[in-house]
2 protein chains.
Amino acid sequence: MATSEAGRKAVKTPPRPLRRPLLEALPYFTGLSPQARSDVEARLVRLTLEKGEAALLEGEPSDRLFFVAKGRLKLLRTSEGGREHILRLLRPGDSFNEVAVFDGGPAPATVMALEPVTLYYLRRKDVLELLSRYPVVAEQVTRYLAQQLRELVSMVEDLSFKHVSARLAKLLLTHAQPAAGNGAGLREHLTQQDMAAMIGTAREVVARSLRDLEQSGAIRIDRRRIIITNRKLLEELA
Amino acid sequence: MATSEAGRKAVKTPPRPLRRPLLEALPYFTGLSPQARSDVEARLVRLTLEKGEAALLEGEPSDRLFFVAKGRLKLLRTSEGGREHILRLLRPGDSFNEVAVFDGGPAPATVMALEPVTLYYLRRKDVLELLSRYPVVAEQVTRYLAQQLRELVSMVEDLSFKHVSARLAKLLLTHAQPAAGNGAGLREHLTQQDMAAMIGTAREVVARSLRDLEQSGAIRIDRRRIIITNRKLLEELA
DNA sequence: CCTAGTTTGCAACCAAAGTTACATAACCTA
DNA sequence: TAGGTTATGTAACTTTGGTTGCAAACTAGG
């Protein structure tokens, strides 16, 4: 993360057969019949991006529904002042740009590659066709959209009711090593800048809050790695 | 608005034929064939609520997709501290509880009647059946969900980037009399408490911001009615 | 191994927003 | 219209969060 400015050149690579596991990993298309599956595959277009390149710029029209096959991206919204709020991190299996595809408006957020990335996309008309041809897909799509809505509602709630340190605590918890209880680190390294952009505040405030959390005994910061020393406590703070 | 606590008794009234205009006003079901229409109508259940009654409580399971036929409701999220954040005002033609119906989880928000209200609802299984039987419905539903997502993203952006006075200015603009330019009042009266709950702040802060806006010349407050005296300015502030 | 760029630590300060505490005005209902 | 209830106006104060400004620690590439 923490990439600086970026162009948006995209390398369109020649179509190449999809590996099965990928399509199966896309929530929209699990459990389709073989014919249906090839119907979908025939419409997918492959696309690769370098680190820092944008798949989508907020405000621009776009009718592509994207799927992440490889690599991670950030989906963010930018303020006039240049600050960014990261709404989601995208990883293989995720999709994005549903909003623009389904309501026909401009892209509501920018999506930028955090590392070399492979994407596939469908055009709006193909999506709608698949949607009406395969009801299962329609069902999966509505489920996915509903989940997104649920997450955003919870984000709104957090922003409006919780203080920075609570939002930070929650962020740490959702990024903690899964199995581990106490003593767990984060699954992937996040810079303070990243964390700030994810919970909607400034980097310095994150630093301050991290110190507070350390004071309280919930976490320990060891050579800029965050260790959760008291998960219970952290959950209470969140 | 500004209703106090409320029970949640609901009066289930005997089924009665839907007036055509209503069904036509529901975005999901416009443009259906007559048979399709009666297929939908046969599954709708009618429900009335008194002012202050809840159609839905956040956290409770619910598999009903609701449609507003008459009256207004507020859709809100409550904090532990009892503060509420109003996410949307619902009026005839609106629907709610898509999230729980489509992802199968608990209701993400509470919905409360602001006045006597008539609702219709469909059960989850009927919704899914209609969805797969009539592709047009699937398309309308995904469009509607996408619009909701767009609005929530914009709400998140506002909360994270804008100050209270900007959020308030925006709120006033979206509630201003439609046609009118300067000199326009609000379409419906909102108490400061309402406004505070809609932009995620405290009532006193709204009062303070209103004074600021009046100072700046964007609005005038005349016997607790808000008049927009300089729409341009208000738009800049937002 | 060295350097340029990135990330972090931290303090001091300022601005915004939340809180507390009342007084006053408007509204509704009996 | 009287009297209670709800909505407002406003000030003072506290807390949180945003900003500024560096210095130090780190890291990746050459």
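Just so you know, these numbers come straight off a predicted model, no measurement behind them. By convention in this document, chain letters (A, B, ...) are assigned in the order of the sequence lines, proteins followed by strands, and residues within each chain are numbered from 1.
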Please report the C-alpha distance between K74(B) and E84(B) in whole Å, then the side-chain angles of each, then the deciding distance to 0.1 Å, and finally whether the salt bridge (Lys or Arg N to Asp or Glu O under 4.0 Å) criterion is met. CA-CA 11 Å; K74(B) 58 178 176 181; E84(B) 59 182 49; 2.9 Å; yes
Can you pull every protein N or O that's under 3.5 Å from an N or O on nucleotides 8-14 of chain C?
| unit_1 | atom_1 | unit_2 | atom_2 | d |
| --- | --- | --- | --- | --- |
| dT8(C) | OP2 | Q192(A) | N | 2.8 |
| dG9(C) | OP2 | Q192(A) | NE2 | 2.6 |
| dG9(C) | N7 | R203(A) | NH2 | 2.6 |

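For E235(A), the side chain to side chain contact (heavy atoms under 4.5 Å, CB included) partners are L173(A), R231(A), not counting sequence neighbours. A search for ring pair (Phe, Tyr, Trp, His ring centres under 6.0 Å) contacts involving Y144(A) returns Y28(A), not counting sequence neighbours. Judged as a side chain to side chain contact (heavy atoms under 4.5 Å, CB included), and not counting sequence neighbours, the contacts of A218(A) are S216(A), L233(A), L234(A), L237(A). With sequence neighbours excluded, the residues that form a side chain to side chain contact (heavy atoms under 4.5 Å, CB included) with T229(A) are R220(A). Every residue two or more places apart in sequence or in another chain was checked for a salt bridge (Lys or Arg N to Asp or Glu O under 4.0 Å) with R167(A), and none qualifies. With sequence neighbours excluded, no residue forms a salt bridge (Lys or Arg N to Asp or Glu O under 4.0 Å) with E151(A).
Distance L159(A) CG to dG17(D) C1': 13 Å, rounded to the nearest Å. At whole-Å resolution of the value, NE2 in H85(B) and P in dA17(C) are 14 Å apart. Atom CG in D222(B) sits about 12 Å away from atom P in dG9(D), given to the nearest Å. Separating the CG atom of D212(B) from the C1' atom of dG9(D) is a distance of 13 Å, rounded to the nearest angstrom. In this structure, CG of L213(B) is placed 14 Å from P of dA16(C), rounded to the nearest angstrom. When the C1' atom of dG17(D) is taken as reference, atom CG of D158(A) falls 17 Å away, rounded to whole Å.
Side-chain contact of E58(B) with T110(B): a donor-acceptor pair under 3.5 Å is present, judged by distance alone.
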Contacts under 3.5 angstrom, residues 205-214 of chain A side chains, donor-acceptor by atom type, not counting sequence neighbours:
| unit_1 | atom_1 | unit_2 | atom_2 | d |
| --- | --- | --- | --- | --- |
| S209(A) | OG | V205(A) | O | 3.2 |
| E214(A) | OE2 | I221(A) | N | 3.1 |

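Screening residues 86-119 of chain B for ring-ring contact (aromatic ring centres under 6.0 Å, His included) gives F66(B)-F96(B) as the qualifying pairs, with residues at least two apart or on separate chains. For residues 91-115 of chain A, the pairs satisfying salt bridge (charged side-chain N to carboxylate O under 4.0 Å, His left out) are R72(A)-E115(A), R91(A)-E188(A), D103(A)-R150(B), with sequence neighbours left out.
Looking at residues 161-176 of chain B, you'll see H163(B), V164(B) sit with a heavy atom under 4.0 Å from some atom of DNA chain C.
Where R225(A) and V205(A) each meet DNA chain D at their nearest nucleotide, the meeting point lying more 5' is that of V205(A).
Comparing the start and finish of the helix from dC1(C)-dG30(D) to dA30(C)-dT1(D), five pairs each, the helix axis swings through 50°, to the nearest 10 degrees.
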